[in-house]
Undergrad: 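Below: one structure in structure tokens.
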Amino acid sequence: MVRRALEEAIHEALKAMGLDLRLKVAKAPKDKPGDYGVPLFALAKELKKPPQAIAQELRERLELPPFVEEAIPVGGYLNFRLKTEALLEEALREKKPFPKREGLVLIEHTSVNPNKELHVGHLRNIALGDSLARILAFAGREVLVLNYIDDTGRQAAETLFALRHYGLTWDGKEKYDHFAGRAYVRLHQDPEYEKLQPGIEAVLHALERGELREEVNRILLAQLATMRALNAHYDLLVWESDIVRAGLLGKALELLEQSPHVLRPREGKYAGALVMDASPFIPGLEDPYFVLVRSGGAATYYAKDIAFQFWKMGLLEGLRFKPYENPYYPGLRTSAPEGEPYTPKARETINVIDVRQSHPQALVRAALALVGRPDLAEGAFHLAYETVLLEGKQMSGRKGLAVSVDEVLEEAKRRALAVVAEKNPEHPDKEEAARMVALGAIRFAMVKTEPRKQIDFRYEEALSFEGDTGPYVQYAHARAHSILRKAGAWGSPDLSQATPYERALALALLDFEEAVLEAAEEKTPHVLAQYLLDLAAAWNAYYNAKEGSRPATPVLTAPPGLRELRLALVQSLQRTLKTGLSLLGIPAPEVM
RNA sequence: GGGCCCGUAGCUCAGCGGACAGAGCAGCCGCCUUCUAAGCGGUAGGUCGGGGGUUCAAAUCCCUCCGGGCCCGCCA
């Protein structure tokens, strides 16, 4: 990578000047000479020289990498102009995944309660988790994606109870998770709700024994259809009832009880309970104690989260897996008592859960440290994203105040279809194009902003196909593809014919790898999404460039040599956009 | 009471120690006899919430105040 090499050269030259310092190379502003530059002000004090003089000296001492045309001192900066041909060669290089590195990263995302259809709140979780999994894999990590099925939770129990209690029969047409979800909402509107608790309890116990698995599975399968439609990928399903039956909780508690920070107070507020003192690991707590096992003997959900985290990181074993029969994900495996033993032993985990779970997630990390594995605590990352509002209002699954993902997908597709039909009546497969564009609009809208910012899901914006959107990037891709399709085969490019237009586009192409690495490092896909918008914009500007009233950058009708150069650039651009979109789980249509 | 996060153009957001603060939407003016106008160019719009501080340099770091969101149960 160009920037890396420059930084390395600068580092060497500075060492020779008596400073072991690494400076960051940035892009030069448009109106300044050169393509990249470094500010040198920080060295002035150390070297007792004005930055301008340092720029001069650095230029003299610098052993320029072969791709640099010249180093230009500009005030306190030293800028670099790349050789055009080297720049183009770099831009034309195919963007391949980074070499594999050691160490498994386990990503848990989705983990939707198997009791009703997915709503737009889940959308952000899935889009973030799935994109991040793809980005990390491209960045060279070994990635395992896990989807947790809370089949012993209250939500699942209530839905199954409601289905039975109201004697509802499925008409065979409605999507099953929607049907089940209606029962759940009805239960919560029932004035008799409080009186129905014993019945719900009974279902809860049956679930813990794993007895109603098929009924839960029926809902899960319907949900998986939606996840498949969102182009989300999973490697493993882990059912909570399997964790219960494998006794992971007990094993986790055994480990925890060896810690001096885990105790059973004899008296006071926590008499009879098993508590954990998290104060050494979480500063500023008013009350340092957290209950793991209630005095009545029941474990808290913290304890279950901790046990599961221990399993993910190989501190516990006991789960078994087998292939999961389903029509959507051929290679998917599921936990099952009769399966083969497997423990991932992840060095790093990423739990994609909204911010409201920050506190419990901190306890999970504290527990790792407390059993003597601060290294694992360090590797346990909580990707905390802010909640999604619906048209400015908080959603509620219980009250049915939410828009389902299926509905959003359908509406997006309907709108996209109208646009395709209008803009491209000759399109050979409008349905498929509409599906891709709809998916692009929705997924992109979910990842283009920083996770820690609350987003408001508004139909008009999320399903917009103009401006800072997925379809904007997809359209840029389709345009490029259209040119390549018409070009047929072409010969070798003549790099020496490049104009400033090719230069600008090539420069934009160089930032791809850095964007991917930063997204992987910071664990946030928005960096890549923002880059793709920039790249698409650079391409659209190139495409539309005019000198006077004439097109400045025609590709197909360009003179020999330049034509091939432009085609090669367009091809690199098209592939880069496609790769980038794929890392966000978004398909790149060839025709729109 | 304790803790976490957010506050940048009318709206939605990038930028998070360096070169005059950038996009999209909305507004206004242009560009289809050009490889898809889902596009492009231009114009207008900003006390980067307020106030202190650190620094050669602050939207970016620290403190403080103000606004908004969230978390802090022997509930899940």
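Here the structure is a predicted model, which means the values were calculated and not measured. Chain identifiers are assigned alphabetically (A, B, ...) following the order of the sequence lines, protein sequences preceding nucleic acid strands; residue numbering begins at 1 within each chain.
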Undergrad: Less than 4.0 angstrom between a side-chain N/O of A/H481 and OP1 or OP2 of B/U36, yes or no?
TA: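 Looking at the OP1 and OP2 atoms of B/U36, neither is under 4.0 Å from any side-chain N or O of A/H481.
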
Undergrad: Name the orientation of the base relative to the sugar in B/C72: syn if the glycosidic angle is within 90° of 0, else anti.
TA: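 Anti, angle beyond 90° from zero.
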
Undergrad: Mind checking the P distance from B/A14 to B/U33? Whole angstroms is fine.
TA: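 That atom pair is separated by 39 Å.
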
Undergrad: Nearest heavy atom decides the nucleotide; on that basis, is A/A26 or A/P471 closer to the 5' end of RNA chain B?
TA: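 Result: A/A26.
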
Undergrad: Output the single nucleotide from B/A19, B/U12, B/C74 whose closest atom is nearest the side chain of A/R294.
TA: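 So the side chain of A/R294 is nearest to B/C74.
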
Undergrad: Among the candidates B/C70, B/U8, B/C74, find the nucleotide nearest to the side-chain atoms of A/K269.
TA: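 Ranking B/C70, B/U8, B/C74 by closest atom to the A/K269 side chain puts B/C74 first.
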
Undergrad: OP1 or OP2 of B/U36 less than 4.0 angstrom from a side-chain nitrogen or oxygen of A/K486, does that happen here?
TA: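 Answer is yes, contact under 4.0 Å.
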
Undergrad: Which whole-number value in Å describes the distance from A/Q361 CD to B/C70 C1'?
TA: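 Going from A/Q361 (CD) to B/C70 (C1'), I get 16 Å.
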
Undergrad: Can you find an N or O donor on one side and an acceptor on the other, under 3.5 Å apart, linking the side chain of A/E286 with the base of B/G1?
TA: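 Counting by modelled atom types and ignoring angles, a donor-acceptor contact under 3.5 Å is found here.
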
Undergrad: Is there a donor-acceptor contact under 3.5 Å linking the side chains of A/Q357 and A/H382?
TA: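 No.
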
Undergrad: Does the side chain of A/E502 pick up a donor-acceptor pair with the side chain of A/T499 at under 3.5 Å?
TA: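 Side chains of A/E502 and A/T499: pair found under 3.5 Å.
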
Undergrad: Classify the nucleic acid contact of A/V355 as base, sugar-phosphate or nothing, counting any heavy atom under 4.0 Å across all strands shown.
TA: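 Result for A/V355 = nothing.
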
Undergrad: Report which part of the nucleic acid A/Y472 touches: base, sugar-phosphate, or nothing (heavy-atom distance under 4.0 Å, all strands).
TA: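 The answer is sugar-phosphate, as A/Y472 gets under 4.0 Å only of primed atoms, P, OP1 or OP2.
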
Undergrad: Go ahead and name the base partner of B/G45; Watson-Crick or wobble counts if both distances stay under 3.5 Å, otherwise write none.
TA: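 WC or wobble partner does not exist here.
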
Undergrad: Could you give the distance separating B/C72 and B/A58 at their C1' atoms, to the nearest angstrom?
TA: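 That atom pair is separated by 34 Å.
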
Undergrad: Using the C1' atom on both, measure B/G17 against B/C61 and round to a whole Å.
TA: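 Rounded to whole Å, the distance is 8 Å.
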
Undergrad: Taking pairing as Watson-Crick or G-U wobble with both contacts under 3.5 Å, can you name the mate of B/G7, or confirm there isn't one?
TA: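 Result: B/C66.
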
Undergrad: A/Y301 OH to B/C74 P: how many Å, rounded?
TA: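 My rounded result for the distance is 11 Å.
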
Undergrad: So, under a plain 3.5 Å distance rule, would you say the side chain of A/D287 forms a donor-acceptor pair with the base of B/C72?
TA: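 For A/D287, whose side chain was compared with the base of B/C72, there is no donor-acceptor pair (under 3.5 Å).
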
Undergrad: Work out how far the C1' atom of B/G46 is from that of B/A9, and round it to whole angstrom.
TA: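 To the nearest whole Å, 5 Å.
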
Undergrad: Distance only, no hydrogens: is a donor on one side chain within 3.5 Å (strictly under) of an acceptor on the other, for A/T152 and A/E208?
TA: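 A/T152 vs A/E208: no donor-acceptor pair found between side chains.
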
Undergrad: Would you say A/Y77 stacks on B/A19, if stacking means ring centres under 5.5 Å apart and planes within less than 30 degrees?
TA: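 Given the distance and angle limits, yes, they stack.
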
Undergrad: Can the ring centroids of A/F290 and A/H359 be said to lie less than 6.0 angstrom from one another?
TA: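 Yes, ring centres under 6.0 Å apart.
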
Undergrad: Hey, does A/A478 reach any base, or is it just sugar-phosphate, or nothing, if we go heavy atoms under 4.0 Å?
TA: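 Here A/A478 touches the bases of the nucleic acid.
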
Undergrad: Quickly work out the A/F444 CZ to B/A14 P distance and round it to whole Å.
TA: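 Distance check: A/F444 CZ to B/A14 P gives 12 Å.
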
Undergrad: Could you tell me how far B/C28 sits from B/G53 if I compare only their C1' atoms? Round to whole Å.
TA: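 Their C1' atoms lie roughly 43 Å apart.
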
Undergrad: Using a distance-only criterion (donor-acceptor N/O pair, under 3.5 Å, no hydrogens), is the base of B/C4 paired with the side chain of A/S358?
TA: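 No pair found.
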
Undergrad: Which part of the nucleic acid, if any, lies within contact of A/K45, taking any heavy atom under 4.0 Å across all strands shown: a base, the sugar-phosphate backbone alone, or nothing?
TA: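 Contact class for A/K45: sugar-phosphate only.
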
Undergrad: Looking only at side chains, do A/D354 and A/T387 share a donor and an acceptor under 3.5 Å apart?
TA: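 Looking only at side-chain atoms, A/T387 and A/D354 do not form any donor-acceptor pair under 3.5 Å.
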
Undergrad: Under a 3.5 Å cutoff, is there a donor and acceptor pairing between the side chains of A/R294 and A/Y270?
TA: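 Result is no, nothing qualifies.
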
Undergrad: Both A/G153 and A/A433 contact RNA chain B. Which one's nearest nucleotide lies toward the 5' end?
TA: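 By nearest-heavy-atom nucleotide position, the 5'-most residue is A/A433.
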
Undergrad: Could you tell me whether A/V591 contacts a base, only the sugar-phosphate backbone, or nothing, with contacts defined as non-hydrogen atoms closer than 4.0 Å?
TA: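 If one applies the 4.0 Å heavy-atom cut-off, A/V591 turns out to touch a base.
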
Undergrad: How many whole angstroms separate atom CZ of A/R452 from atom P of B/A14?
TA: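 To the nearest whole Å, that distance equals 9 Å.
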
Undergrad: Which nucleotide in the set B/G39, B/C35, B/A19 lies at the smallest distance from any side-chain heavy atom of A/Y475?
TA: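 Nearest to the side chain of A/Y475 among the choices is B/G39.
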
Undergrad: Starting from P on B/C11, measure out to CG on A/D468 and report it in whole angstrom.
TA: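 Whole-Å distance recorded here is 17 Å.
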
Undergrad: Is A/R356 touching bases, backbone alone, or none of the nucleic acid, heavy atoms closer than 4.0 Å?
TA: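 Contact class for A/R356: sugar-phosphate only.
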
Undergrad: Separation of A/L285 atom CG from B/C4 atom P, in whole Å?
TA: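 Interatomic distance, CG of A/L285 to P of B/C4: 11 Å.
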
Undergrad: Have a look at A/T449 and say if it touches a base, only the backbone sugar-phosphate, or nothing, with a 4.0 Å heavy-atom cut-off.
TA: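 It contacts sugar-phosphate atoms only.
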
Undergrad: Would you please say whether a donor-acceptor pair under 3.5 Å links the side chains of A/E158 and A/H188?
TA: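 Yes, A/H188 and A/E158 have a side-chain donor paired with an acceptor closer than 3.5 Å.
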
Undergrad: Across all strands, who's sitting opposite B/G73 as a Watson-Crick or G-U wobble pair, both distances under 3.5 Å?
TA: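 Pairing partner: none.
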
Undergrad: In whole Å, what separates the P atom of B/C5 from that of B/U60?
TA: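 Roughly 16 Å separates the two P atoms.
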
Undergrad: With a 3.5 angstrom cut-off on both distances, give the Watson-Crick or G-U wobble partner of B/A26, or none if there isn't one.
TA: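 Across any shown strand, B/A26 pairs with none.
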
Undergrad: If we take the P atom in both B/A21 and B/C40, what is their distance in whole Å?
TA: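 These two P atoms come out 23 Å apart once rounded.
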
Undergrad: What does A/D31 touch in the nucleic acid at a heavy-atom separation under 4.0 angstrom: a base, only the sugar-phosphate, or nothing?
TA: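 Base, at least one base heavy atom under 4.0 Å.
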
Undergrad: Quantified in whole Å, what is the C1' atom distance between nucleotide B/G22 and nucleotide B/G15?
TA: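 It works out to 7 Å between them.
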
Undergrad: Can you tell me the Watson-Crick or wobble partner of B/C32, both distances under 3.5 angstrom?
TA: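 None - no nucleotide pairs with B/C32, as no candidate has both distances under 3.5 Å.
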
Undergrad: Contact class for A/Q530 vs. all strands (heavy atom < 4.0 Å): base, sugar-phosphate, or nothing?
TA: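 Sugar-phosphate contact only.
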
Undergrad: Over how many whole Å does the gap from A/E450 atom CD to B/G7 atom P extend?
TA: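 In whole Å, B/G7 P and A/E450 CD are 8 Å from each other.
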
Undergrad: Give the intermediate values and the outcome of ring pair (Phe, Tyr, Trp, His ring centres under 6.0 Å) for residues A/F465 and A/Y475.
TA: CA-CA 9 Å; A/F465 304 141; A/Y475 181 66; over 10 Å; no

Undergrad: Reckon A/A271 touches a base, only the sugar-phosphate, or nothing at all at heavy-atom distances under 4.0 Å?
TA: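 Base, at least one base heavy atom under 4.0 Å.
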
Undergrad: Side chain of A/V555 only, please: which of B/G7, B/C35, B/G39 is the nearest?
TA: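 Minimum distance to the A/V555 side chain belongs to B/C35.
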
Undergrad: Which part of the nucleic acid, if any, lies within reach of A/T553 when heavy atoms closer than 4.0 Å are counted: base, sugar-phosphate only, or nothing?
TA: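 Result for A/T553 = base.
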
Undergrad: Scan A/N113 against the nucleic acid and name what it touches under 4.0 Å (heavy atoms): base, sugar-phosphate only, or nothing.
TA: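 No contact.
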
Undergrad: With a cut-off of less than 4.0 Å, is there a side-chain N or O of A/Y543 near OP1 or OP2 of B/A37?
TA: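 True: A/Y543 side-chain N/O within range (under 4.0 Å) of B/A37 OP1/OP2.
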
Undergrad: Counting Watson-Crick and G-U wobble pairs only, both distances under 3.5 Å, name the nucleotide matched with B/A37, or none.
TA: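 Answer to the pairing question: none, since B/A37 forms no Watson-Crick or G-U pair.
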
Undergrad: For A/F308 and A/Y148, I'd like to know if the aromatic rings sit close, meaning centre-to-centre distance below 6.0 Å.
TA: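 Yes: the rings meet the under 6.0 Å criterion.
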
Undergrad: Under 4.0 Å between any heavy atoms, over every strand shown, what does A/V293 touch: base, sugar-phosphate, or nothing? Just pick one.
TA: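 Touches nothing.
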
Undergrad: Would you mind telling me which of A/K30, A/R503, A/R3, A/K27 makes a salt bridge (charged side-chain N to carboxylate O under 4.0 Å, His left out) with A/D35?
TA: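 It is A/R503; the other options fail the test.
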
Undergrad: With both distances kept under 3.5 Å, what pairs with B/G17, Watson-Crick or G-U wobble?
TA: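 The answer is none; no pair meets the criterion.
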
Undergrad: With heavy atoms under 4.0 Å as the rule, sort A/G272 into base, sugar-phosphate or nothing.
TA: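 A/G272: no heavy atom of the nucleic acid under 4.0 Å.
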
Undergrad: Roughly, in whole Å, what's the span from CZ in A/F465 to P in B/A38?
TA: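 For the pair A/F465 CZ and B/A38 P, the rounded distance is 12 Å.
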
